[in-house]
Amino acid sequence: MPDLTTLLAFAAATLALVLIPGPSVLYIVARSIQGGRRAGFVSALGVQVGGLVHVLAAAVGISALVLSSALLFSAVKYLGAGYLIYMGIKTLLSRDTDPELPTLTPRSLGQTFRQGVLVNVLNPKTALFFLAFLPQFVRPDHGSVAVQTLVLGGFFLLLATISDSMFALLAGSVGQKLRGNRVFARRQKYLTGSVYVALGVGTATVGQH
């Protein structure tokens with residue numbers, strides 16, 4: 001099991017991530033505006049179920065790395081930190097875009113849930129993110145790598161579910177105001193990019209200790 005220090009560091013990093021609106025949050029906001037709070041909550045649950053698939057895949061992949069080579073595992077951790085920094089710099093240097101919410105067709109709650117699952121499962125960036133982020137907090141000398149990965153991944157999904165549900169709750173009143181707001185787009189870009197860079201540098205340091 002992860003120790004308390006690792007869990008606290010992971011919780012802080014996770015909160016910094018889940019509170020920043022990204023593509024999944026914009027999808028949830030769009031569903032909430034169109035179908036109400038229930039549709040928003042259901043889409044948030046679907047997105048996190050899709051995330052669970054990536055967590056399970058990461059648990060298997062990270063465990064295989066540790067079993068094959070401790071050196072390879074360390075290399076993947078530093079590559080993961082580098083990937084987070086790359087994502088941050090790329091975001092900071094990207095052109096400003098309008099935060100337009102996607103145009104969605106009316107769907108039942110079941111369809112909304114399934115679409116939320118697919119939105120996350122079929123997103124290769126989500127898989128890359130989990131493989132870059134979770135290994136930074138895994139300590140092979142603290143027990144089963146698979147269990148640590150599942151615990152951290154489950155904790156991440158729990159916090160993300162709470163955060164996404166809050167966005168779903170607020171979307172009806174706030175979501176429309178964010179549509180086409182260039183100031184929001186610019187601030188979101190700089191905030192997101194800075195958090196990714198900080199996570200890349202910070203988690204690499206955490207991994208050393």
Side-chain angles (χ1 to χ4, degrees), residues 10-59 84 87 91 94 96-134 149-189 191-193 195-196 199:
F10 182 78
T14 298
L15 285 173
L17 285 168
V18 300
L19 293 177
I20 299 175
S24 295
V25 169
L26 291 180
Y27 165 75
I28 293 167
V29 167
R31 277 295 177 206
S32 301
I33 291 174
Q34 181 192 64
R37 292 176 178 176
R38 288 184 64 189
F41 287 138
V42 169
S43 64
L45 290 177
V47 166
Q48 301 316 322
V49 169
L52 178 60
V53 174
H54 291 291
V55 170
L56 294 174
L84 292 173
M87 288 175 60
T91 302
S94 64
D96 293 334
T97 56
D98 292 331
E100 291 290 342
L101 302 179
T103 301
L104 303 173
T105 56
R107 292 178 180 271
S108 67
L109 291 179
Q111 290 175 317
T112 297
F113 176 80
R114 289 192 294 272
Q115 187 178 42
V117 174
L118 289 175
V119 163
N120 226 7
V121 168
L122 299 180
N123 186 353
K125 291 184 178 180
T126 303
L128 285 172
F129 171 76
F130 277 114
L131 286 174
F133 183 63
L134 289 181
T149 304
L150 290 174
V151 170
L152 293 172
F155 192 38
F156 181 98
L157 295 177
L158 174 63
L159 293 179
T161 300
I162 295 173
S163 174
D164 288 350
S165 297
M166 292 173 58
F167 279 110
L169 184 66
L170 296 173
S173 58
V174 178
Q176 292 285 10
K177 296 179 181 179
L178 298 182
R179 188 191 298 270
N181 189 323
R182 292 181 180 274
V183 174
F184 168 77
R186 288 194 295 270
R187 290 179 178 175
Q188 178 196 12
K189 181 185 75 171
L191 180 60
T192 303
V195 167
Y196 276 136
L199 280 175

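The figures here come from the full heavy-atom set of this structure, side chains too, leaving out hydrogens, waters and symmetry mates.
In terms of modelled atom types and a separation under 3.5 Å, the side chain of N120 and the main chain of V47 share a donor-acceptor contact. A donor-acceptor pair is defined here as one N or O able to donate and one able to accept, closer than 3.5 Å; such a pair exists between the side chain of S32 and the backbone of I28.
Using a 4.5 Å cut-off on side-chain heavy atoms (C-beta onward), V55 and F130 make contact. No side-chain heavy atom of L152 sits under 4.5 Å from any side-chain heavy atom of F133.
For the atom pair CD1 (I162) and CG (L158), the distance works out to 4.5 Å, reported to the nearest 0.5 Å. Remark: L134 CG to H54 NE2 distance equals 12.0 Å, nearest 0.5 Å. Distance check, rounded to the nearest 0.5 Å: CD of Q48 to OG of S163 gives 9.0 Å. The CG atom of L157 sits 11.5 Å away from the CG atom of L45 when rounded to the nearest 0.5 Å. If you take CD on Q111 and OG on S43, they are separated by 13.5 Å, rounding to the nearest 0.5 Å.
When each of T161, V151, T14 is paired with F156, the side-chain contact (heavy atoms from CB on, under 4.5 Å) condition holds for T14 and for no other.
The minimum heavy-atom distance between G40 and A168, with the atom names listed, is C-CB, 3.6 Å.
Taking the six-membered ring where the residue is Trp, the centroids of F41 and F113 are separated by 6.0 Å or more.
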**OP:** For the pair D164 and V18, evaluate side chain to side chain contact (heavy atoms under 4.5 Å, CB included) and give the outcome as yes or no after the intermediate values.
**Re:** CA-CA 8 Å; D164 288 350; V18 300; 5.8 Å; no

